[in-house]
Amino acid sequence: MARTVRDHRLETRAARSRLSQRAEPYWMLLTEGFHLGYYRGRQSAKWVARPRPPGQGASYKKTTLGEVDDTADADGVRILDYRQAQDKAREWLQAVEGGVAVTAKFTVGDALDEYLKAFTKKDLVNTRRRVEQFIRPALGNVRLSKLTAAQVRKFLTDRANTPARLRTRKGEEQKVRPLDTPEAKRRRMATANRDMTVLKAALNQAFANGRIASDHAWRTVKPYKNVDGAKLRYLSDDEARRLVNAVGPEFRPIVQAALLTGARWGELRNVLVADVDFRARTVRLTETKGGQPRDCYLEGEGLALFKAHCLGKTGTDPVFPAPTGKAWTDSTQIRRMAIACEAGNISPPAGFHDLRRTYGARLALAGVPMAVIAQALGHKDERITRKHYAHLSPSYVADTVRQHAAGLGIVKIEPDNVEPIRAITR
């Protein structure tokens, strides 16, 4: 992003109102041989620009960039504020000079292609899905030089107002999840923010590569605020046992491993026998979300699980293979988890990632320090750990309040004769 050049005469509406009307614009230098001008006439005020091509002496070519936001708020297209005028001036200059990387036909779709080609993070599958299913159909054919903030903002709004699609049989009408509750709307806005993150990353790369002279079209579009609330769903010990009892035998070992290690689905399905160190009682996770290998630590039950599923296998075999004998594919856990939750009477149903949260919650409830939980789960920043688990840890404030805030004697407490449902055995 280019630095905004300062000029006290033109920066604010108040400063510009003190300038007199005249035929010649008030000019300010942006770069050598290139000026931005403020023209104030009787009826309106305009931003103009003038470059002096090399070797042409004092010869200038002038152009009008747009109206000035003296009396109306800027929209970034027709009416420009001080910074927007500078951005548009630079964009216009690069276009008339025929910049090496900037081409009139370069589209948002081309920017997405370059971004995916250079993508080096682990989440390529999900990123490509967002690009191909949602971003490219909406904006792929738009020329990057013509992209406006209104188009980017509309994409964000449309994504937030589009219901989530549900699994649908082939040939049937697409099923969707209704947007009929505040929570459903919050989740769609959070999803729209994630799609916008991918779009902005691609456009920022195009800007850095010189494909467009200004990033104004998307820089001014802000994500929805306060929609990424921490997901607090975790299983009680009894629910975890019921889930394990209800899940199918081919899928049960990897569910048990998730509950006993806190590892993600993508990490566990790629664990090989050679990654397990029985002497150190650790499992080396190589395919991690952050791209950095890490160890997870096994206690007695976890160690026994891994020993049982490494027995008789070679070092290159997956510890928890799919029924095919190879590693599980990306989304095969979704339906199996849904069936197991229904059979185990677990409501609301849990996703596979909730098994990881369950592991973290059990550590927090046991009083394990946040820094240790962060390392065990592979969080790069302890703030992420605190966001999800700090409320579960023993709290001095909570203990003090409960100790000193005596009751009012307004509730009759009956003896509790209810016992938890015992785990189902098969």
Legend entry - Over 12 foreign heavy atoms within 6.0 Å of NZ, Lys313: yes
Legend entry - Residue list, ring-ring contact (aromatic ring centres under 6.0 Å, His included) with Phe119, at least two apart or on another chain: Tyr115
Inset, instruction - Would you check if the side chain of Arg242 reaches a backbone N or O of Gly344 as a donor-acceptor pair within less than 3.5 Å? - result: yes
Inset, instruction - Give every residue pair that meets the ring pair (Phe, Tyr, Trp, His ring centres under 6.0 Å) criterion with at least one member in residues 281-316, sequence neighbours excluded. - result: Phe306-Phe320, His309-Phe320
Inset, instruction - Quick one: which residue pairs count as a ring pair (Phe, Tyr, Trp, His ring centres under 6.0 Å) with a foot in residues 349-387, not counting sequence neighbours? - result: Trp265-Phe352
Inset, instruction - Measure from the side-chain N and O atoms of Arg336 to the backbone N and O of Gly248, and report whether any donor-acceptor pair falls under 3.5 Å. - result: no
Inset, instruction - Look at atom CD of Gln292 and say whether more than 12 heavy atoms of other residues, nucleotides or ligands are closer to it than 6.0 Å. - result: no
Inset, instruction - Working to the nearest 0.5 Å, report the span between CG of Asn209 and CZ of Phe106. - result: 8.0 Å
Inset, instruction - Taking Arg153 for its side chain and Val221 for its backbone only, find out whether a donor-acceptor pair lies under 3.5 Å. - result: no
Legend entry - Within-4.5 Å side-chain heavy-atom neighbours: Leu112 and Thr107: no
Inset, instruction - Could you walk me through whether Leu243 and Leu355 pass side-chain contact (heavy atoms from CB on, under 4.5 Å), step by step? - result: CA-CA 10 Å; Leu243 176 68; Leu355 309 183; 3.6 Å; yes
Legend entry - Pair Lys387 + Asp381: basic N to acidic O under 4.0 Å: no
Legend entry - Spatial distance of atom CE (Met189) from atom OG1 (Thr191) [nearest 0.5 Å]: 10.5 Å
Legend entry - Arg165: partners by salt bridge (Lys or Arg N to Asp or Glu O under 4.0 Å), with sequence neighbours left out: none
Inset, instruction - Show the numbers, then the answer: is there a salt bridge (Lys or Arg N to Asp or Glu O under 4.0 Å) between Arg211 and Asp110? - result: CA-CA 10 Å; Arg211 297 298 192 181; Asp110 295 328; over 6 Å; no
Legend entry - More than 12 heavy atoms from other groups under 6.0 Å of CG on Asn226: no
Legend entry - All ring-ring contact (aromatic ring centres under 6.0 Å, His included) counterparts of Phe155, not counting sequence neighbours: none
Legend entry - Listed partners of Ala15 passing side chain to side chain contact (heavy atoms under 4.5 Å, CB included), at least two apart: Thr12, Arg18
Legend entry - Crowding at CD, Glu250 (>12 non-hydrogen neighbours, <6.0 Å): yes
Legend entry - Heavy-atom closest pair, residues Ala74 and Leu80: CB-C, 4.0 Å
Legend entry - Any donor-acceptor N/O pair, Glu299 side chain to Gly302 backbone, under 3.5 Å: yes
Inset, instruction - Determine the minimum heavy-atom distance between Tyr389 and Ala364, stating which atoms define it. - result: O-CB, 3.7 Å
Inset, instruction - Sequence neighbours left out, what passes salt bridge (Lys or Arg N to Asp or Glu O under 4.0 Å) with Arg356? Give chain and number order. - result: none
Inset, instruction - Check whether any side-chain N or O of Arg269 sits under 3.5 Å from a backbone N or O of Trp328 as a donor-acceptor pair, and report yes or no. - result: yes
Inset, instruction - Check whether the side chains of Asn126 and Arg129 place a donor and an acceptor atom closer than 3.5 Å, and report yes or no. - result: yes
Legend entry - Any donor-acceptor N/O pair, Asp317 side chain to Thr314 backbone, under 3.5 Å: yes
Inset, instruction - Please check if atom CZ in Arg16 has more than 12 non-hydrogen atoms from other residues, nucleotides or ligands closer than 6.0 Å. - result: yes
Inset, instruction - Quick one: list whatever passes salt bridge (Lys or Arg N to Asp or Glu O under 4.0 Å) with Asp113, sequence neighbours left out. - result: Arg136
Inset, instruction - To the nearest 0.5 angstrom, please state how far the CG atom of Asp275 sits from the OG1 atom of Thr316. - result: 10.5 Å
Inset, instruction - Can you establish whether the number of heavy atoms outside Glu172 located under 6.0 Å from its atom CD is more than 12? - result: yes
Inset, instruction - Step through the shown structure and confirm whether more than 12 heavy atoms of other residues, nucleotides or ligands are within 6.0 Å of NZ on Lys200. - result: yes
Inset, instruction - Specify the closest pair of heavy atoms between Ser347 and Arg233, including all atoms of both residues, with the distance to one decimal. - result: C-NH2, 4.2 Å
Legend entry - Counterpart residues, side chain to side chain donor-acceptor pair (under 3.5 Å), relative to Arg9 (two or more places apart): Asp7
Inset, instruction - For Arg188 and Asn161, indicate whether the former's side chain and the latter's backbone hold a donor-acceptor pair under 3.5 Å. - result: no
Legend entry - N/O donor-acceptor pair under 3.5 Å between Arg294 side chain and Ala376 backbone: yes
Legend entry - Contacts of type ring-ring contact (aromatic ring centres under 6.0 Å, His included), residue Phe134, not counting sequence neighbours: none
Inset, instruction - For Arg186 and Glu183, run salt bridge (Lys or Arg N to Asp or Glu O under 4.0 Å): C-alpha distance rounded to whole Å, both residues' side-chain angles, the deciding distance at 0.1 Å, then the answer. - result: CA-CA 5 Å; Arg186 181 201 68 79; Glu183 174 61 15; 2.8 Å; yes
Legend entry - Side-chain donor or acceptor of Arg386 paired with backbone N/O of Glu382 under 3.5 Å: no
Inset, instruction - Verify whether one side chain among Thr197 and Arg194 offers a donor that lies under 3.5 Å from an acceptor in the other. - result: no
Under 3.5 Å, side-chain donor or acceptor atoms of residues 256-264 against the rest of the protein: list the pairs with distances, not counting sequence neighbours.
residue : atom : partner : partner atom : Å
Thr261  : OG1  : Ala257  : O            : 2.7
Thr261  : OG1  : Ala263  : N            : 3.2
Arg264  : NH1  : Glu267  : OE2          : 2.8

Legend entry - Contact check, side chains of Leu65 and Gln86, non-hydrogen atoms, under 4.5 Å: no
Inset, instruction - Please check if the side chain of Gln84 supplies one atom and the backbone of His216 the other of a donor-acceptor pair under 3.5 Å. - result: no
Legend entry - Qualifying residues under salt bridge (Lys or Arg N to Asp or Glu O under 4.0 Å), relative to Arg128, sequence neighbours excluded: none
